[in-house]
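Step one of this worksheet: look at the structure below.
Read the numbers this way: they start at 1 and go in the same order the structure lists the ligands and their atoms.
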Amino acid sequence: MSFDVDAVRAEFPALALTVGEGSRVRPLIYLDSAATSQKPQRVLDAYIDFYRHSNANVHRGAHLLATRATDAYEGAREIVRRMVGARYTSEIVFTRGTTESINLVANTLGGQVRAGDNIVITALEHHSNLVPWQMLCKRMGASLRVAPVEDDGTLSVARFAELVDGRTRICAFSHVSNALGTVLPVAELVAVAREHGALTVVDGAQAMSHFAPNVQALGVDFYAFSGHKVFAPTGIGVLYGRRELLDAMPPWHGGGEMVDTVTFEETTWAPPPMRFEAGTPNFAGAFALGVALAWLEALDRPAVEAHERALVEAITERVAPIPGLRIIGTAPGKVGVLTFDIAGIHAHDIGTLLDQQGIAIRTGTHCTQPLLARFGLKATARASLALYNTLDDIERFGDALERASRMLR
Ligand code: PLP
């Protein structure tokens, strides 16, 4: 097998969009996949087909459509289990996304955190993997410790280890940084946490589209990700949790589906994963997520990774000669995230000028305000790549960025 980027691009209708009119028509170049990925036609079709042919509430009916819907929903759970290398489907909880997955853990494990305990995160966390822990610490009288990030965007395991001690209950960190592209040494960080009896929560939002994690090999306790960043719709996400832990955890939301027996006096809980899926779940979204992951799984992943590595190298080289440009995050082995600052030019102005040339990048804080502050910045521009980007996209981006920076100077 190998990777044919043109064949893959042909599956994504949004990548065929153009901007401008008449002689000024040009292709839209999408370099904002870290915010959300585009969706292949087969995922869009699956979503519509589900509503056409299989729509009924899951787990509740004995009729044909209810059976189809339930099979589709549970089938997707099995695909997710396979993709993340979990042992049991009961370890896969469907949520709205990474943010909800992390809040679920923070709220259900919260009872184990006592005054005087601490939670360790890293300086490169997205607000989603920072604010829920900060809220928990404030509620329980615990302290939040933050492992520093180095100037090149790497995370030192030794400096992380200095913060973990016998009062550390949870270590929460990203698999891949959305602002720097750094791939964190998850297995080593897990080993540090384990040595001190702390649980690990890994934010995999940016990892899933680039490589398949293996939660057992990594040894993580919890792993969260969002469907919309991995070629699936919005509003569906996943929390993987180790079975023994989920079994022992209380529910977070109460309602239908998450119960075993209910009286006015008392309620007993359903086993995981249902215990954590109160109310009607996003079953159409889950089904479409399964379709997206199965598509990804069928690609030649090593070839995809090689393609993505070539893109990272190309974009890094392409922007290097631009006067005043500083790349934030140059960790070895980083994924396709190019966050940059151009001296004397506001990031929003760069974004606007690139947009006028049909190039979509993101500007702002990327939901990592403390991280940008660490680098002395309030806003940056970020071009982020996915497997469907090409060397031609990078060339056009480089040309447009050169033009924009000349105009703004
Ligand atoms: N964590 C990281 C690293 C992210 O990049 C994002 C989204 O940008 C999130 C968490 C939050 O994901 P969601 O908004 O889908 O819940």
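In terms of polar-atom proximity, D203 is counted as a contact of ligand 1, with an N or O under 3.5 Å from an N or O of the ligand.
A donor-acceptor contact closer than 3.5 angstrom is absent between the side chains of E313 and T316. For the residue pair T368 / H366, no side-chain donor-acceptor distance below 3.5 Å is found, with atom types taken as modelled. Side chains of Y223 and H175: a donor on one and an acceptor on the other come within 3.5 Å.
For F283 and F287, the ring centers are positioned 6.0 Å apart or more. Annotation: Y30 is not in aromatic contact with F12 [ring centroid separation under 6.0 Å not met].
Per-residue contacts place T99 under 4.0 angstrom from the following atoms of ligand 1 (heavy atoms of the residue considered): 11 (C), 12 (O), 13 (P), 14 (O), 16 (O). Taking every non-hydrogen atom of S226 and a distance limit under 4.0 Å, the qualifying atoms of ligand 1 come out as 12 (O), 13 (P), 15 (O), 16 (O). Residue Q206 approaches ligand 1 through these ligand atoms, each under 4.0 Å from one of its heavy atoms: 3 (C), 4 (C), 5 (O). Contact atoms of ligand 1 toward S128: 9 (C), 10 (C), 11 (C) (distance under 4.0 Å to a heavy atom of the residue).
Of the candidates H126, H366, H175, the one placing a heavy atom closest to atom 9 (C) of ligand 1 is H126. For atom 8 (O) of ligand 1, the nearest non-hydrogen atom from the set K229, H228, R362, H127 comes from K229.
N129 does not count as a contact of ligand 1, since none of its heavy atoms falls under 4.0 Å from the ligand.
Within the model, atoms OH of Y88 and CG of L246 stand 12.5 Å from one another, a figure rounded to the nearest 0.5 Å.
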